[in-house]
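Only one structure is covered here, and it is reproduced in the block below.
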Amino acid sequence: MTDRIAKVVVDVPAQETNKIYDYLIPDQLLDGLVPGMRVVVPFGPRTIMGYVLAIHNHSERDNLKELANVLDVQPILTEELIELGKWLSEETMSYYISSFQAMLPQALKASYKKSLHRLAPIEQDALNTLFDGRDYIDALELLEHVSLRQINEAIKRGEAEWDYEVASKGKVKTIQMVKKVGTLDQFDQYLADLSRQSKKQFQLVDYFLGLEEAVPVKEVLEQNKTTKQTLSKLEIAGCITFFQGEVYRDPHQADRFTRSAPLPLKPQQKQALDKINQALTAIKNDVFLLHGVTGSGKTEVYLQAIDTVIRDGKQAIVLVPEISLTPMMVDRFKQRFGDAVAVMHSALSKGERFDEWRKVHRHEVSVVVGARSAIFAPFDRLGLIIIDEEHESSYKQEDHPRYHVREVAIKRGEYHQCPVVLGSATPNLETYARAKKGVFTLIDMPDRINDSVMPAVSIQDMREELHLGNRSMFSGALKEAIQARMDRKEQIVLFLNRRGYSTFVMCRDCGYVSECPNCDISLTYHQRHDQLKCHYCHHQEPMPKTCPTCESDSIRFFGTGTEKVEEALNQTFPEARVIRMDVDTTRKKGAHERLLKQFDNHQADILLGTQMIAKGLDFPKVTLVGVLAADGLLNLPDFRASERTFQLLTQVSGRAGRHDLLGEVIVQTYTPEHYSVELAQAYDYQAFFNQEMALRKAYQYPPYYFLTLITISHEQLLKTEEVARTVVKLLRKHLSDEAIILGPSPSPIERIKGRYRYQCMIKYKDEPNQKAVLKKIIEHYEPLKRKENLSIQIDLNPQQLM
DNA sequence: AGCACGCCGACT
DNA sequence: GTCGGCGTGCTC
């Protein structure tokens, strides 16, 4: 007997439905249905989408319903990805459906349409006339006009029924194509019948006789300067045929890339490549940490390792942080591997993303370069996974499933027995610790390939500047350095980790600070629109002219954002051309690229920006990098603050003097004696690692302890507190005595979007019970979750403690 | 998450 | 008496 039970995960993201359902496979679908396909299934009174995880020959239950339909011709998940999805759900405590959705492009999500289907004339006149010649009415439209009762009565009388339509969201783009189908005889016959005036027809016959493959109709018309009407004559004669052909929305279509050849390698690059190649030939799933300073030539090592992989007939995934997925980076891969590369990043439209994904799915490419989600590329012969800038926080997904791409990469590496390469100048502390322990293989690349030295970093103590009477945001040294670059026609990059104009607005008379009504956070002034904005819930309000409480007019801006720096730059250096780059100036599609190109063409002298300019940029004429306030990150309530500061300062310094001109870095700070500032100045990763590890050990943080962060939120403060307290109590009771449970305490931002937030943290070394306990707690609060909109979020190995 | 069922108060 | 509010339970 054939297997006819499909094991299905249904598209309902809820605790109670987070299980695998059994369906009977009807005869007509039996042929060709395989695991990994999307299906349409009846679920209660409606019809929804689901993923087939397996096909079995028996079920624990009887009275199974039948599958309604199949949405795919080919499976969209491989056996490996099905297992990976299940693992991901368990690992992150997410629903199965959420994991599978996260692994696939948006375009493969289901779209649902509910409508009323008229089967016979309806007694109820109002309802009947509403149909007005149609047989289906959309449910939303329907309910605007008639009551549910009337509809239900019609259904009961058998005059109508609900119809649930399930379709895939994304569309495959097609264009009209034409190809030759006629025989030579047919063409001859056609020519014989033509009148001598039909010049275009003769031309077209000629054209098609010399053509073997299909061509877009548009192209034929353009090339022959004719019209569809004329072309159709040949179709009627049976010489050619029209059809809809699939095409890719290719965002890089217009670009022609000159292919690049592998560059000669320096000894340290050769050594690194050799080690990776060894693992490639041995088919071993080693994890390498490529610790190489900025400019050490990591990318060329990646490129050449991938080359080996491709020549073996295998495939490679390259992950880069979203922010550094710049055209420059993409071009480098396109130049080396041409059409063998698919690119996936968030700047693509949903359709474009879908098409890049389909290239991978059909194995038309061997390399994917992309941001986080590209780790799920449906390759079947994976030979290598590379994660560049592995310390980047964007590799952790911050909503369900809360996965870290590094862990997924290692999992896939195990399955395919392929190496994973993590690259960084400032590795994540946990990664480096694993490398030192020998879990990962450490490869050092300490030298810059062009033998240039790292730029000198000088620290400016802003407290001293203040004592000297300098109340501006530029230290004397920075001001001088900027002026010098301006005089020499060189370029400058300035970095400030805060957008907007001011960080907060305060009344000098009464101390009033404008705060967001929904979030416990002060509002940021944005000069451009003269508005106060909340960066968390996007609330905005006009800037008050006088203090709302005491009506004094001494309401002032405090703190500094990029807008204010821009203004100050224009005042201090009136001749300087400044480009400001932050979320506010790059919101529009393509703005990011445009601004960078402008700067590259030296249409500006100063590039001023937030985090987004810290990575991957490489401009030959930049000889000065200024960090306006290194303390911005340092004072955040997060145990990783020092690490982030060190990483940021090092990354930013790497932007200066990468070429023949000597670079200089100036870091302004109020805490010059902080070790992450001092050691970044000395480019001493080792010392930083040692010092930070000692602190992590003393304060019981990763990598010495694992963390779990639980955030409870609710509209009422009291309820939030109460639940948080109970959660902690339950954890204390059910976890081992070795687990350290902190809290509950208000989250660093106690209220966001009108909801109070409390958190507690578990620090542990080995807690095999933890997930089961957490699951129990979640289940216990399930009713309250539905009834009062309570939310309990669990983040295993959190990267952000906010 | 929907959706049905069922129980209660507010109306013609 | 009927309409519609929402609390409860189920979905192979």
Side-chain angles (χ1 to χ4, degrees), chain A residues 3-27 29-30 33 35 37-71 82 86 89 93-102 109-117 124 126-127 138-158 160-167 169 399-401 715 719 778-793:
Chain A
D3 298 346
R4 35 171 65 239
I5 309 292
K7 303 280 180 182
V8 176
V9 163
V10 294
D11 184 16
V12 183
Q15 193 68 44
E16 300 98 308
T17 51
N18 187 37
K19 50 186 160 192
I20 293 164
Y21 289 85
D22 291 355
Y23 284 92
L24 265 174
I25 307 170
D27 287 339
L29 299 180
L30 204 55
L33 182 73
M37 285 181 175
R38 291 172 303 161
V39 287
V40 178
V41 293
F43 196 67
R46 54 203 174 118
T47 310
I48 57 173
M49 189 273 286
Y51 295 104
V52 177
L53 299 195
I55 293 175
H56 285 181
N57 55 17
H58 77 283
S59 170
E60 306 290 304
R61 301 169 55 106
D62 40 327
N63 283 329
L64 298 184
K65 287 190 185 172
E66 283 192 342
L67 292 177
N69 217 338
V70 182
L71 284 176
I82 291 173
K86 287 201 258 181
S89 294
M93 301 191 60
S94 304
Y95 307 137
Y96 292 124
I97 191 70
S98 312
S99 290
F100 289 119
Q101 307 274 43
K109 276 182 126 180
S111 77
Y112 298 104
K113 238 170 52 197
K114 183 183 173 185
S115 53
L116 192 66
H117 180 200
Q124 201 78 45
L127 188 51
D138 188 81
L140 286 172
E141 185 198 333
L142 191 67
L143 288 168
E144 278 172 29
H145 302 281
V146 265
S147 73
L148 204 61
R149 182 153 302 257
Q150 287 180 47
I151 299 167
N152 282 335
E153 276 166 13
I155 290 173
K156 215 172 262 169
R157 287 193 300 266
E161 65 180 10
W162 285 116
D163 179 80
Y164 296 86
E165 192 189 309
V166 183
K169 251 192 196 133
D399 48 79
H400 284 294
E715 275 163 37
K719 195 79 201 172
I778 288 182
E779 275 161 17
H780 174 253
Y781 279 109
E782 201 54 39
L784 220 59
K785 213 171 128 183
R786 275 191 81 130
K787 224 165 48 198
E788 294 187 28
N789 221 355
L790 169 82
S791 127
I792 300 181
Q793 305 221 315

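Side-chain atoms are counted along with the backbone in the values below, which use heavy atoms only and exclude waters and symmetry mates. Sequence lines set the chain letters: A, B, ... in the order given, protein chains first and strands last, and positions in each chain run from 1.
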Legend entry - Per-nucleotide protein contact string for nucleotides 7-12 of chain B, where B marks a base within reach and S marks sugar-phosphate only (heavy atoms under 4.0 Å, - for neither): ------
Inset, instruction - Treat primed atoms plus P, OP1 and OP2 as sugar-phosphate and everything else as base, then score nucleotides 3-12 of chain C 5' to 3': B for base contact with protein heavy atoms under 4.0 Å, S for sugar-phosphate contact only, - for none. - result: S-----BBBB
Legend entry - Toward the 5' end of DNA chain B, by each residue's nearest nucleotide, A/Lys785 or A/Asn152: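 This one resolves to A/Lys785.
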Legend entry - Over 12 foreign heavy atoms within 6.0 Å of CD, A/Glu141: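 More than 12 heavy atoms, drawn from other residues, nucleotides or ligands, come within 6.0 Å of this atom.
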State which residues pass ring pair (Phe, Tyr, Trp, His ring centres under 6.0 Å) with [X]; sequence neighbours excluded, sorted by chain then number.
X	result
A/His780	none
A/Tyr781	none
A/Tyr23	none

Inset, instruction - Calculate the interatomic distance between A/Lys109 atom NZ and B/dA1 atom P; express it in whole Å. - result: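 These atoms are roughly 13 Å apart.
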Inset, instruction - Give the rounded distance in Å between these two atoms: CD1 of A/Ile151 and P of B/dC3. - result: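 Checked: the CD1 to P distance equals 12 Å.
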Inset, instruction - Only counting residues at least two apart or in another chain, list the ones meeting salt bridge (charged side-chain N to carboxylate O under 4.0 Å, His left out) with A/Lys169. - result: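 Salt bridge (charged side-chain N to carboxylate O under 4.0 Å, His left out) list for A/Lys169, sorted by chain: empty.
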Legend entry - N/O (side chain, A/Tyr164) to phosphate O (OP1/OP2, B/dC3) under 4.0 Å: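 Yes, because at least one side-chain N or O of A/Tyr164 sits under 4.0 Å from OP1 or OP2 of B/dC3.
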Inset, instruction - Please work out which of the three classes, parallel, tilted or perpendicular, describes the rings of A/Tyr21 and A/Phe43, given edges at 30° and 60°. - result: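 A/Phe43 and A/Tyr21: perpendicular rings.
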Legend entry - A/Glu779 CD to A/Lys785 NZ distance, which is reported to the nearest 0.5 Å: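 If we round to the nearest 0.5 Å, A/Glu779:CD and A/Lys785:NZ are 10.0 Å apart.
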Inset, instruction - State the CG-CG distance between A/Leu33 and A/Leu67, to the nearest 0.5 angstrom. - result: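 Result: 6.0 Å between the selected atoms.
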Inset, instruction - Name the nucleic acid region contacted by A/Lys114, choosing base, sugar-phosphate or nothing; use a 4.0 angstrom heavy-atom cut-off, strictly under. - result: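 Answer is sugar-phosphate: A/Lys114 comes under 4.0 Å of backbone atoms only.
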